Novice: 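Can you read through this structure? Questions will come right after.
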2 protein chains.
Amino acid sequence: MARRISRKISNSTIHRLSIYYRALMGLEREGYDTISSKELAKREKLTPAQVRKDLSFFGSFGTRGLGYPVKELKQRIAEILGLNRLWNVAMVGVGNVGSALVSYKEFARQGFIIKLLFDNDQRKIGSNHKGIIISDIANMKSQLKENEITIVILTVPASAAQKVCDDIVEAGVKAILNFAPVSLKVPDDVNLLNENMAIELEHLSFSLTNRNMVMFD
Amino acid sequence: MARRISRKISNSTIHRLSIYYRALMGLEREGYDTISSKELAKREKLTPAQVRKDLSFFGSFGTRGLGYPVKELKQRIAEILGLNRLWNVAMVGVGNVGSALVSYKEFARQGFIIKLLFDNDQRKIGSNHKGIIISDIANMKSQLKENEITIVILTVPASAAQKVCDDIVEAGVKAILNFAPVSLKVPDDVNLLNENMAIELEHLSFSLTNRNMVMFD
DNA sequence: TAATTATTGTGAATGAATTCACATTAATTT
DNA sequence: AAATTAATGTGAATTCATTCACAATAATTA
Ligand SMILES: NC(=O)c1ccc[n+]([C@@H]2O[C@H](COP(=O)([O-])OP(=O)(O)OC[C@H]3O[C@@H](n4cnc5c(N)ncnc54)[C@H](O)[C@@H]3O)[C@@H](O)[C@H]2O)c1
Ligand SMILES: NC(=O)c1ccc[n+]([C@@H]2O[C@H](COP(=O)([O-])OP(=O)(O)OC[C@H]3O[C@@H](n4cnc5c(N)ncnc54)[C@H](O)[C@@H]3O)[C@@H](O)[C@H]2O)c1
């Protein structure tokens, strides 16, 4: 029953699975029963071969001559991505970015349940934020364990990030989404992803600057 | 004087340039005069060869036996990324995410100046947000042109995103950073980047789910 | 039920990105 | 000033990702 993935799945493939997942949600809403790799690729500006190859790493979900069943494929991708369950999430640093994320209902709808909030600002600690009481960062380590938190969103200032990150790791958390613009050091068995909006802006500024692929030295 | 880049620079290389840039800012603060590819790679969990290859696409900035001059290399990368100038930025949709971004001072420090804010909510239009008056979306097209906006940050609900995006494109803007979780259609000459935090969370949930590279069907 | 059509699933081919490996060269030491 | 050391810059080798191309096959049509 267990399908062993021999090859390592590339980050690009994982990323595209999320894209397919979103596309399929849209298609379901629009009333599609099936979708071909050709049509799915067109919608997401990819190639049909890429779509088929990505999916083939995990099994054969389609029907030759017809395409993929929208509802079922969506469900299969949800399973692959680990979205057919709830994840206990904590967030550290309830400032500008943290507040925006907490109020975002889509995360909960996807199974990412923000259970705990932490901050070190005495004025914030104890206050109720969208139904969750903000806890003192001093209690973080024990509370992360007690509440079986598996994912932490890190939205503290860059200067505090490594220290807080160390504590998160010590609490046994294996997945961190970091918004602070610093390279955090974590052990190999911890999944760290960085969300850095400045880098995206810099990418745009690079593209605008090098429109004709000409540089100056 | 113009150095033609024959090969297309890969997105990964551009992304790493931003990483080097941040690392160099840190190194400068820490008082380093020079840095070797070996040390820079170690800090950012990359390989020395990768660092050297990335930089070599744009010129030879180092000294054999010694390494790269921190201050100068930082400046060169800033030039490559187009950060040695100011960019006029507008933001559409001043809600949770939009508000967080507007209050973020680092963007301005990097040269991304948020000049205009737009919304369609009558209660928000006309109000002063961090020193900027929120304008009516109805006036967006003309104002984007008048103010020579080159980058737009799009933080409206998914349902409104494509329509607003079309107007942005019509105004002649060639770079868009989109936070709405939809695939926007834009002409080939428009640079569109998507910032999707849910996708990052899904990546983490994939990694946690497939820790031993075993899947279930 | 046979012929036709559409589209998957996948090895093989191609293309792209990364890493290797070393000649080159600048700085430092003796 | 020669020898030694350290690290760059870059072709070549390798690894990884994407695309090609087609046999296999399910659905539909005649
Ligand atoms: N605001 C943005 O648009 C934006 C954009 C890109 C990146 N970022 C990054 O995201 C992070 C958060 O940004 P922000 O604008 O929300 O900052 P913020 O200052 O509004 O919020 C940070 C929060 O962390 C808390 N905090 C500080 N030190 C702490 C500690 N040691 N333990 C627990 N909590 C602590 C503060 O009390 C505050 O509530 C920063 O690293 C920032 O660089 C922000
Ligand atoms: N809040 C989050 O943490 C978060 C996380 C991931 C993605 N997103 C995405 O980012 C976008 C913004 O999220 P948010 O939480 O800030 O939403 P929000 O509802 O708080 O803000 C959206 C703003 O856009 C304005 N708006 C709506 N339609 C408009 C139109 N046609 N023209 C101009 N303005 C319009 C609204 O008045 C509002 O001020 C959404 O697409 C959301 O899915 C948000």
Side-chain angles (χ1 to χ4, degrees), chain A residues 3-20 23-24 27 32-70 72-74 76-77 80 203 213 215 217, chain B residues 3-20 23-24 27 32-70 72-74 76-77 80 203 213 215 217:
Chain A
R3 155 180 266 258
R4 180 165 290 277
I5 301 179
S6 41
R7 241 162 313 181
K8 189 191 167 306
I9 303 298
S10 77
N11 285 342
S12 336
T13 291
I14 301 169
H15 189 259
R16 283 191 298 269
L17 286 180
S18 283
I19 292 177
Y20 304 148
L24 289 163
L27 289 163
Y32 283 75
D33 285 335
T34 59
I35 183 82
S36 66
S37 60
K38 192 177 166 194
E39 177 61 19
L40 184 51
K42 196 176 157 209
R43 291 194 162 223
E44 300 303 324
K45 285 226 185 124
L46 300 166
T47 65
Q50 178 116 77
V51 172
R52 294 201 300 275
K53 180 65 87 177
D54 282 338
L55 296 176
S56 78
F57 292 140
F58 301 96
S60 359
F61 309 127
T63 304
R64 289 166 200 239
L66 190 60
Y68 300 90
V70 169
E72 195 192 309
L73 181 59
K74 196 194 93 188
R76 301 302 285 274
I77 293 179
I80 293 165
H203 199 134
M213 286 293 109
M215 297 286 308
D217 9 307
Chain B
R3 153 180 266 259
R4 179 166 291 277
I5 300 178
S6 40
R7 240 162 315 183
K8 187 189 170 306
I9 303 298
S10 75
N11 285 343
S12 338
T13 291
I14 301 170
H15 189 260
R16 283 191 298 270
L17 286 180
S18 282
I19 292 178
Y20 304 147
L24 289 163
L27 289 163
Y32 283 74
D33 285 336
T34 59
I35 184 80
S36 66
S37 60
K38 192 177 166 193
E39 177 63 18
L40 184 51
K42 196 176 156 209
R43 291 193 162 222
E44 301 302 325
K45 287 226 183 123
L46 300 166
T47 65
Q50 178 115 78
V51 172
R52 295 201 299 277
K53 180 66 86 179
D54 281 339
L55 296 175
S56 78
F57 292 140
F58 302 96
S60 353
F61 309 128
T63 304
R64 286 163 202 241
L66 188 60
Y68 299 90
V70 169
E72 195 191 309
L73 182 59
K74 195 194 94 189
R76 301 302 284 274
I77 293 179
I80 293 165
H203 199 135
M213 286 293 107
M215 295 287 307
D217 12 303

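Computed from a predicted structure; not experimentally measured. First the proteins, then the strands, lettered A, B, ... as listed; each starts at 1. Keep in mind that the numbers below use all heavy atoms, side chains included, and drop hydrogens, waters and symmetry copies.
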Novice: Holding to side chain to side chain contact (heavy atoms under 4.5 Å, CB included), I want the full list of residues that pass it with Asn11(A), two or more places apart in sequence or in another chain.
Specialist: Lys8(A), Ile14(A), His203(B)
Novice: With a 4.5 Å heavy-atom cut-off, do Phe58(B) and Ile77(B) have their side chains touching?
Specialist: no
Novice: Tell me, which pairs form a salt bridge (charged side-chain N to carboxylate O under 4.0 Å, His left out) where one or both residues lie in residues 56-68 of chain A, sequence neighbours left out?
Specialist: none
Novice: Tell me the bend of the helix from dT1(C)-dA30(D) to dT30(C)-dA1(D) as the angle between end helix axes, each from five pairs, rounded to the nearest 10 degrees.
Specialist: 10°
Novice: Using heavy-atom distances to pick each residue's nearest nucleotide on DNA chain D, tell me which of Ala49(A) and Ser10(A) is more 5'.
Specialist: Ser10(A)
Novice: List, with names and distances, any nitrogen or oxygen atoms from the protein found under 3.5 Å away from nitrogen or oxygen atoms belonging to nucleotides 6-9 of chain C.
Specialist:
from	atom 1	to	atom 2	distance (Å)
dT7(C)	O4'	Gly65(A)	N	3.0
dT7(C)	O2	Gly65(A)	N	3.2
dT8(C)	OP1	Ser37(A)	N	2.6
dT8(C)	OP2	Ser37(A)	OG	2.6
dT8(C)	O2	Arg64(A)	NH1	2.9
dG9(C)	OP1	Phe61(A)	N	3.2
dG9(C)	OP1	Gly62(A)	N	2.9
dG9(C)	OP2	Tyr68(A)	OH	2.9
dG9(C)	O4'	Arg64(A)	NH2	3.1
dG9(C)	N7	Arg52(A)	NE	2.8
dG9(C)	O6	Arg52(A)	NH2	2.9

Novice: Output side-chain donor-acceptor pairs under 3.5 Å for residues 37-48 of chain A, partner residues at least two apart or in another chain, one line each.
Specialist:
from	atom 1	to	atom 2	distance (Å)
Ser37(A)	OG	Arg52(A)	NH1	3.1
Arg43(A)	NH1	Glu30(A)	OE2	3.3
Arg43(A)	NH2	Glu30(A)	OE1	2.9
Arg43(A)	NH2	Tyr32(A)	OH	3.4
Glu44(A)	OE1	Ser183(B)	OG	2.4
Lys45(A)	NZ	Val186(B)	O	3.4
Thr47(A)	OG1	Gln50(A)	N	3.2

Novice: Rounded to whole Å, how long is the line connecting atom CG of Asp54(B) with atom P of dA16(C)?
Specialist: 17 Å
Novice: Contact boundaries of DNA chain D with chain A (under 4.0 Å, heavy atoms), 5' to 3'?
Specialist: dA17(D) to dA26(D)
Novice: For Ser36(A), what residues pass the side chain to side chain donor-acceptor pair (under 3.5 Å) criterion, not counting sequence neighbours?
Specialist: none
Novice: Measure the CG-CD distance between Leu24(A) and Glu72(A) for me, rounded to the nearest 0.5 Å.
Specialist: 11.5 Å
Novice: Report the distance from atom CD1 of Ile35(A) to atom OH of Tyr68(A), rounding to the nearest 0.5 Å.
Specialist: 11.0 Å
Novice: Out of curiosity, Lys53(A) NZ to Leu55(A) CG, how far, rounded to the nearest 0.5 Å?
Specialist: 11.5 Å
Novice: Can you list everything that forms a side chain to side chain contact (heavy atoms under 4.5 Å, CB included) with Ser10(A)? Sequence neighbours excluded, please.
Specialist: Ser12(A), Thr13(A)
Novice: For Tyr20(B), check side chain to side chain donor-acceptor pair (under 3.5 Å) against everything at least two apart and list the hits.
Specialist: Asp54(B)
